[in-house]
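Only one structure is covered here, and it is reproduced in the block below.
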Amino acid sequence: MQSVATALDRLGELAASPTVSRLAAAFEAAGHELALVGGPVRDAFLGRPVNDLDFTTDATPDEILAIVKPIAEAHWDIGRAFGTIGAKIAGETVEITTYRADAYDGASRKPEVVFGTSLEDDLTRRDFTVNALALRLPKLELVDPSGGVEDLVAKVLRTPAAPEQSFGDDPLRMLRAARFAAQLGFTVEPATEQAMTDLAAEIDRISAERVRDELTKLLLSRTPRSGIRLLVESGLAERVLPELPALSLERDEHHRHKDVYEHSLTVLDQAIDYEIERGVLDSPDLIVRLAALLHDIGKPATRRFEAGGAVSFHHHDVVGAKLARKRLRALRFDNDTIAAVSRLIELHLRFFGYTDGAWSDSAVRRYVRDAGDQLERLHILARADVTTRNRRKADQLAFAYDDLEERIAVLAEEEELAAVRPELDGADIMRLLGVAPGPVVGEAYRYLLEVRLDEGPIGPDAATDRLLAWWASREA
């Protein structure tokens with residue numbers, strides 16, 4: 001948290017930038033108010049980078065357009081119905097929104113858009129006091145009607161209005177509370193947290209797409225654990241991601257007294273650390289984080305009590321992959337994300353067989369083949385899934401995975417493992433067998449692929465001989 005003086009200095013520097021100064025001068029010349037609002041002001045106090053420039057004004061959307069057109073390289077009005085005009089000014093993208101005084105019907109998230117006339121009233125209808133801050137331009141007057149600066153100092157999230165009213169007006173704000181708690185490292189004040197619990201069912205009014213977007217922003221924060229806990233403890237997760245709180249009732253098959261919910265949070269923490277440390281993926285990586293959080297969601301459906309008090313979760317990887325696909329579809333994630341996350345969950349236990357005995361080169365090839373373009377993410381997930389407190393066991397598993405990655409690298413160098421294919425393609429198969437396109441071509445290709453995985457490269461001539469022998473035995 002910066003001092004007020006330091007924050008105001010940062011805001012003064014921002015106000016002097018070409019983008020902000022041009023906007024401020026243009027609105028002042030037109031006789032309209034303009035204020036930098038929300039995130040940029042908050043982040044100036046927190047010492048965080050200021051990325052998005054959001055402004056609010058008493059000008060109507062038509063008036064905003066008339067003011068920005070002469071000074072903008074581009075402008076757009078896709079949010080015009082909600083009072084928002086976008087523009088690119090001095091190379092920066094900005095959004096300018098007319099003061100709002102929305103009225104909610106209590107049945108849906110979408111308010112009846114009513115434009116306001118007061119900056120203070122606009123601020124008090126916002127989600128949290130720390131976001132209800134504004135800097136009047138060009139005179140650099142800080143406007144804080146709800147005590148947002150004090151809450152920034154205390155690292156507390158609180159709604160400007162009564163939380164029951166705020167969340168009743170817009171239930172999405174409850175998910176935003178979890179997201180901001182994680183992003184900013186803040187706590188939610190007790191009355192606000194209680195309202196989240198009391199009104200959790202209201203989240204059902206929110207579209208799946210908006211829920212997905214908030215969950216995504218939460219997961220992409222550096223330390224999402226606190227936000228996820230808040231969702232579970234408030235009952236919100238039961239409405240939007242019920243597979244997660246269900247894990248708190250289960251026990252891990254290797255350590256019967258380990259809570260699988262807590263294990264999953266630890267795996268998420270460790271996956272994020274590996275994602276950053278390894279530096280291969282663009283970070284933050286949503287697929288890694290979804291797979292880490294959801295990798296054990298198949299356990300509740302597969303729990304079995306065995307003789308002697310043991311607990312098993314046979315095939316929870318396969319069941320979990322199916323559950324993940326279903327949940328991510330319901331949340332309207334894109335098909336590529338759904339396929340990648342479910343595949344990682346399906347494969348996340350595969351590595352643990354490596355420690356039971358030496359894998360053949362064929363097994364290593366299959367591991368790479370099955371992971372496909374998710375191999376780096378599978379490396380991260382498998383390593384992160386080791387949460388045992390037994391240091392000796394943890395070291396053994398880490399060394400084993402080091403060994404597996406080294407073998408993958410050696411085989412890849414020797415035989416271009418990343419693109420494992422038979423030496424003959426579909427056209428070769430049809431020519432050699434004298435067949436037309438059809439199921440038999442795929443069958444022959446899969447046979448040659450198995451030969452390739454088992455034996456490595458054998459060359460086109462040997463592959464031709466093996467194909468013809470296979471064909472002859474099939475025809476016999």
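Sequential numbering from 1 along the given sequence is applied to the chain's residues.
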[atom1]-[atom2] distance between [X] and [Y], expressed to the nearest 0.5 angstrom:
X	Y	atom1	atom2	answer
Gln270	Asp385	CD	CG	9.0 Å
Leu381	Gln374	CG	CD	11.0 Å
Arg173	Met196	CZ	CE	13.5 Å
Met174	Glu202	CE	CD	7.0 Å
Ser342	Leu290	OG	CG	11.0 Å
Phe333	Arg212	CZ	CZ	7.0 Å

* Evaluate the ring planes of His379 and Tyr401, with Trp represented by its six-membered ring, and classify them as parallel (under 30°), tilted (30 to 60°) or perpendicular (over 60°). =>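 Perpendicular, since the angle between the ring planes exceeds 60°.
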If you look at every heavy atom in [X] and [Y], which pair is closest and at what distance?
X	Y	result
Ser264	Leu247	OG-CD1, 3.5 Å
Pro245	Ala237	CD-CB, 3.9 Å
Leu11	Leu36	CD2-CD2, 4.2 Å
Pro163	Ala191	CG-O, 3.8 Å
Ile380	Leu281	CD1-CD1, 3.8 Å
Leu140	Gly12	CD1-CA, 4.1 Å

Is the closest basic N to carboxylate O distance between [X] and [Y] below 4.0 Å?
X	Y	result
Arg210	Asp213	no
Asp151	Arg158	yes
Asp127	Arg176	yes
Arg10	Glu13	no
Arg343	Glu346	yes

Quick one: does [X]'s side chain get under 4.5 Å of [Y]'s, heavy atoms only?
X	Y	result
Asn51	Pro40	no
Leu152	Leu46	yes
Thr124	Ser146	yes
Val37	Leu135	no
Phe45	Val149	yes
Leu219	Ile228	yes
Leu23	Ile96	yes
Phe128	Phe180	yes

* Do Arg42 and Asn131 pass the side-chain hydrogen bond (donor to acceptor under 3.5 Å, both in side chains) test, and can you show the C-alpha distance, the side-chain angles, and the key distance before you say yes or no? -> CA-CA 6 Å; Arg42 178 200 68 214; Asn131 295 329; 2.6 Å; yes
* **His316 vs His295, ring pair (Phe, Tyr, Trp, His ring centres under 6.0 Å): CA-CA, chis, key distance, verdict** => CA-CA 9 Å; His316 77 266; His295 75 286; 7.8 Å; no
* Passing candidate, side-chain contact (heavy atoms from CB on, under 4.5 Å) with Leu236, options Leu241, Leu231, Thr197 -> Leu231
For the side chain of [X] and the backbone of [Y], is there at least one donor-acceptor N/O pair under 3.5 Å apart?
X	Y	result
Arg389	Thr387	no
Thr192	Val188	no
His348	Ile345	yes
Thr159	Ala161	yes
Asp144	Leu133	no

* How about Arg126 and Ser166: does a side-chain donor come under 3.5 Å of a side-chain acceptor? ->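 Distance-only check fails for Arg126 and Ser166.
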* Any side-chain donor paired with an acceptor under 3.5 Å for Thr84 and Glu95? -> no
* **Lys/Arg cation over aromatic Phe313: Lys299, 6.0 Å, 45° cone** =>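 Judged by the rule, Lys299 and Phe313 form a cation-pi pair.
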* To do: Provide the full list of side chain to side chain donor-acceptor pair (under 3.5 Å) pairs with a residue in residues 64-75, sequence neighbours left out, each pair given once.
  =>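 Side chain to side chain donor-acceptor pair (under 3.5 Å) check on residues 64-75 returns no pairs.
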* Those residues that, when tested against Asp403, pass salt bridge (Lys or Arg N to Asp or Glu O under 4.0 Å) (two or more places apart) ->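 By the salt bridge (Lys or Arg N to Asp or Glu O under 4.0 Å) rule, Asp403 matches no residue at all.
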* Thr187 and Leu157: side-chain contact (heavy atoms from CB on, under 4.5 Å), yes or no, with the steps? -> CA-CA 6 Å; Thr187 59; Leu157 289 173; over 6 Å; no
N/O donor-acceptor pairs under 3.5 Å from side chains in residues 25-35, not counting sequence neighbours:
unit_1	atom_1	unit_2	atom_2	d
His32	ND1	Asp58	OD1	3.2
Glu33	OE1	Tyr99	OH	2.5

According to salt bridge (charged side-chain N to carboxylate O under 4.0 Å, His left out), does anything in [range] pair up with another residue at least two apart or in another chain? List the pairs.
range	value
residues 372-383	Arg278-Glu376, Asp285-Arg377, Arg383-Asp402, Arg383-Glu405
residues 226-244	Asp204-Arg239, Arg229-Glu262, Glu243-Arg327
residues 179-194	Arg179-Glu214

* To do: Given side-chain contact (heavy atoms from CB on, under 4.5 Å), test Thr97 with Phe82 step by step and report yes or no.
  => CA-CA 8 Å; Thr97 302; Phe82 295 95; over 6 Å; no
* Going through the checks in order, is the side-chain contact (heavy atoms from CB on, under 4.5 Å) test met by Arg289 and Glu275? -> CA-CA 9 Å; Arg289 297 175 185 209; Glu275 167 199 304; 2.9 Å; yes
* After noting the C-alpha distance and the side-chain angles of Asp296 and Asp317, does the key distance pass the side-chain contact (heavy atoms from CB on, under 4.5 Å) rule? -> CA-CA 7 Å; Asp296 273 347; Asp317 46 349; over 6 Å; no
* Is the number of heavy atoms from other residues, nucleotides or ligands within 6.0 Å of CG (Asp334) greater than 12? -> yes
* Decide side-chain hydrogen bond (donor to acceptor under 3.5 Å, both in side chains) for Arg225 and Thr266; before the verdict, give the C-alpha distance in whole Å, the side-chain angles of both, and the deciding distance to 0.1 Å. => CA-CA 9 Å; Arg225 176 189 280 253; Thr266 301; 3.2 Å; yes
